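For reference, the structure discussed in these notes is given below.
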Amino acid sequence: MNLRIIPFFFLIFITCKSPDNTSPVIDKSLSITPKPLNVKKTQGHFELNKTTTFLCHEESSKVIANFFIEKLKISTGHSFSISNNGDNNKNTIQLIKETSSDFDDEEYAVSITKDQVSIKAKTDQGLFYGMQTLMQLLPQYNTTNKTQLPFKIQAVDINDKPRFAWRGMHLDVSRHFFSTDFIKKQLDVLSLFKINKFHWHLTDDQGWRIEIKKYPKLTSIGSKRKNADGTFHQGYYTQEEIKEVVAYAKERFIDVIPEFDTPGHAIAILAAYPELSCEDEKYEVRNLWGVESSILCAGKEETYTFIEDVIKELSSLFPYEYYHMGGDEVPKDQWKNSLVCQELKKREGLKDEKEIQSYFMARVEKILVKYKKKMIGWDEILEGGITPTTNIMSWQGEEGGIKAANEGHDVIMTPSQFCYFNFYQGDPKAEPLAFGGYIPLEKVYNYDPIPKEIAEDKKKHILGAQGNVWTEYTYEDETIEYLLYPRILALAETTWTQKENKAYDNFLDRLDPIYEILDYYKINHHIPLPEGPTANNIVFIDSVNVSFSTTHPVKMVYTTDGTDPNANSKAYTDPLHFTEDTELRIASILKNGKMSNIRKITIVKKSPIAPIGKTDLSQGLIMKEVKGYFNNISDISNTTEPQTSIIKKIEDANTTYHWGHQVNKDNFKAIFLDGFIDIPEDGVYYFSSAQDQIWIADQLVIDYKESLKKHPKENSIALQKGKHKLKIVYLNNVAKGWATDWNTVELKYRKASEVDYLEVDENMIFH
Ligand code: TNX
C-alpha cells in the first residue's frame, strides 16, 4: 500500500454523519478533475432528492439541464424535472446564464448551499462545465447498483475557468478506422473533463476516410488498403455519419476540426485520382507506415480545384473556424522532377521546393478563407515561410511553436515528446506494442504548453495543447483507450488548470475517483504494470534477485504457486530472492480491486551449457536465402533451392530498403544464418534481437511469434565459455505495415550482471 496516498484518500471520501444521522454527507470537492481555480467549502449540505428540480429561465439552459437529467436518470433511476418557477428557489438546481456578466466565456461558478445549487455562467458552455463539475460531486459513478436517492452533498463555492482555450485530443482514423460509436464514446468521456477540441485526422496515405460526393473514388478506392499479406483494411464515414458526430460533439461543447492532409500523406488520393500527381503513374493506397514520396502536384491547377471542391463539401459538415490542412512530412523530389512545378517556381519567383510548399499552403489558405475558415498546418510548413494568418501545430518538438508564436502566429502545442499518446507510457518490455518513445503520465502532467523561450507579449499566441493518437499500431478500440487514459486527463488538467494550482502528487491522489468515472463509462484505462525484468524467462545458476517497480505508485500482488494473483495474494514490497525453479505471476492492483494484466515470469535454475569442442573454424556465418513471401517460418517450402553464401558480420544479412520507400517485393525472402558464437566466459547471458528466431546451443532463445516485429525481444540462457551453435532465422516481409528490414539484422548480448548490450560482432561468429 502506498503510504503517501492513504491520508488523502480518506480526505477525499470523508463522510461525516449528518445531523439527522441518516445518510452521510458526501464531500468530493477535492477530487474534481481538472482541478478548479477556487474551491471553498462552506457550512452545511444540500440534499438531492426526488423532489429536487432543475430551474432554468432559458431554452438553451433547459437543453443543458435535460442533457444531465438523462445522465442522472441512468445512474439514479430517477427523472428530475425542470421548472421555470423563479419564486421558490428551494430544493432546486438553478442554471443561470448572465450574458452581461464579466465572466470569461468558459468560466462558471457553482454554489451549493443548504437550500439550493446554483450554476452561473456567461455562456451555455460555461453552464455545461459547471454541471460537469457538479456531476463529479455526486455519487453517480457507481458501476454496480443504481445510486439511491436522496444524497447529501457538502456545501461549497467553486469558481473556475480554463488556462487555455484549446484543450484537444486528436485521433488518426486513416491508419486504422474507428467507428462513430467509438468516437462518440470518447467525446462523451472527454467532455466530462472539459476537453473542447477534437482533431479528426481523416485522410492519409493509408486510407481516405470521408465521403466526398464529387469524388466518389476517394472512398471507393482510397478507403481500401490491401495489406502486403493479402488482407484488407477499409472503412470511411458517410457525410451523414460525420454530421452525427459533429452534432454529438456540439452537445458536449467540443469543436470538431477536420484534417485534410496536403500536399503529402496523400497517396490514397492519388490511388483514386492519379491525375493529381506530378507523374504519369498508377498508385496504390500505401500499406506501409512511414513517409510516402508520392505527393499532390503543386504545379497543376487541377490540384487546387480538387482541394476547393473537397473543402466546399467539408464546410457543410464542419461548422468550426479551424481546418487542419496538414503540410507535414513532404518529400519534394517529385516537385524537383516535375516540369509544371519547376515552371511554377520560375513564374512565382520561388527560391526552392520549400517555397513551393509555402506557395501551395498559401493558396490552400486562400480557399479556406473563402469558406470563412482559418488554416492550421503542422510545423514543417514554417520551413519555406507562412502567411501572417497561418496557425501552427507544433509536433516536432516545441521549436516550431516557439518560432511561430514569437512571430505572432497562433499555435497549438502538441510536441511529440510530451503529447504523443501513441508512444509508450511504461517500459516497452512490459507494455503491449506501441509506436515507440516513452511518455509516462508524469511527463504529460508536468508539461507546460508555454515554453520559456516565448516572449511575454507573445504568450497569448499559445492557444493550448492537444494529445495525439496516431494509430499505426492500434487495431482495437480498447488499445486506443489504454493509450489515452489517464494520460489525456493529465493533459486536460495541464490545459485547464492554472500552473500554480497543479501538483502531480495531488493529481495521483485523484486517480481513484477518476478510475471510478472511467469504469462507469467502461473505459479500458491503463494500469501501471510491474516493470523490471526485461525478459519473461529468467535463467540463474545459483540464485537470483528479481525486483519490480511501477511508473507511478500502485500496489503489486504476486504468487509463486502457478495460480493467478488476486487481491488477497502477497503484496510485493522488496526484491524477491529465488534459489529454485519458480513460476512467478505478478500484477498491479488498484484500490477498487481492478487488476492489470498479469505478468508471468519463469525463473529457472540451469547449469551453464558446455561448448562444442570445435577448433578448426573460420570467421563468419553461412547464409542461406530462400526467395518468396513468408508470413511464418512454417510457410517456408523446402522445395525452393536456397542460395548459399558466407557473411563476415551479422549485419551483412541486411536487405536494402530504406525507411519510407516502397518495399521491393522481389526482395521478400527467408534468411537462415548458421554457425557458432564464441562466448567469452561462463555465466548467464541475455540476448536481444528483433529477428524471428535465435537459436543458441540448440535452444530457441528468441522466438518472435508476433507477425509484426518492431522492438527487440530479450531472453536469457546459461552458457560456458567457448563456442556454441548459433542459428538466426529472419523473414524479410511486411507485416501489419512494418517492413521487417526496417529492423537491422543484428544480435546483441550482455552478461546478466550488466545493463548495456553489446553487439555480437565479427570476432564472435564462426562457421
Ligand atoms: C508523424 S505527427 C506523423 C504521422 C505519424 C506519426 C507517428 C505528424 C504530423 N506526422 O504521420 O503517424 O509521426 O507518431
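Keep in mind that what you see is a predicted model, and the values were worked out from it rather than measured. In listed order, ligands and their atoms are each counted from 1.
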List the atom pairs, donor and acceptor, that lie under 3.5 Å between side-chain atoms in residues 433-444 and the rest of the protein, sequence neighbours left out.
from, atom 1, to, atom 2, distance (Å)
Lys443, NZ, Gln417, O, 3.2

Shell of residues surrounding ligand 1, defined by a 4.0 angstrom heavy-atom cut-off that is strict: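 Answer by chain and number: Arg175, His265, Asp328, Glu329, Trp378, Trp395, Tyr420, Asn422, Phe435, Trp470, Glu472.
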
Any Lys/Arg nitrogen of Lys370 or Glu308 sitting under 4.0 Å from an Asp/Glu carboxylate oxygen of the other? yes

His176 and Trp289 aromatic ring geometry - parallel, tilted or perpendicular at 30°/60° bounds: perpendicular

Could Lys502 and Tyr445 be counted as a cation-pi pair, given that NZ or CZ must be under 6.0 Å from the ring centre and within 45° of the axis?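 That pair qualifies as a cation-pi contact.
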
Identify, with sequence neighbours excluded, every residue that meets side-chain contact (heavy atoms from CB on, under 4.5 Å) alongside Ser316.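 Here no residue qualifies.
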
Report the residues that fulfil side-chain hydrogen bond (donor to acceptor under 3.5 Å, both in side chains) with Asn597, sequence neighbours left out, ordered by chain and then residue number. none

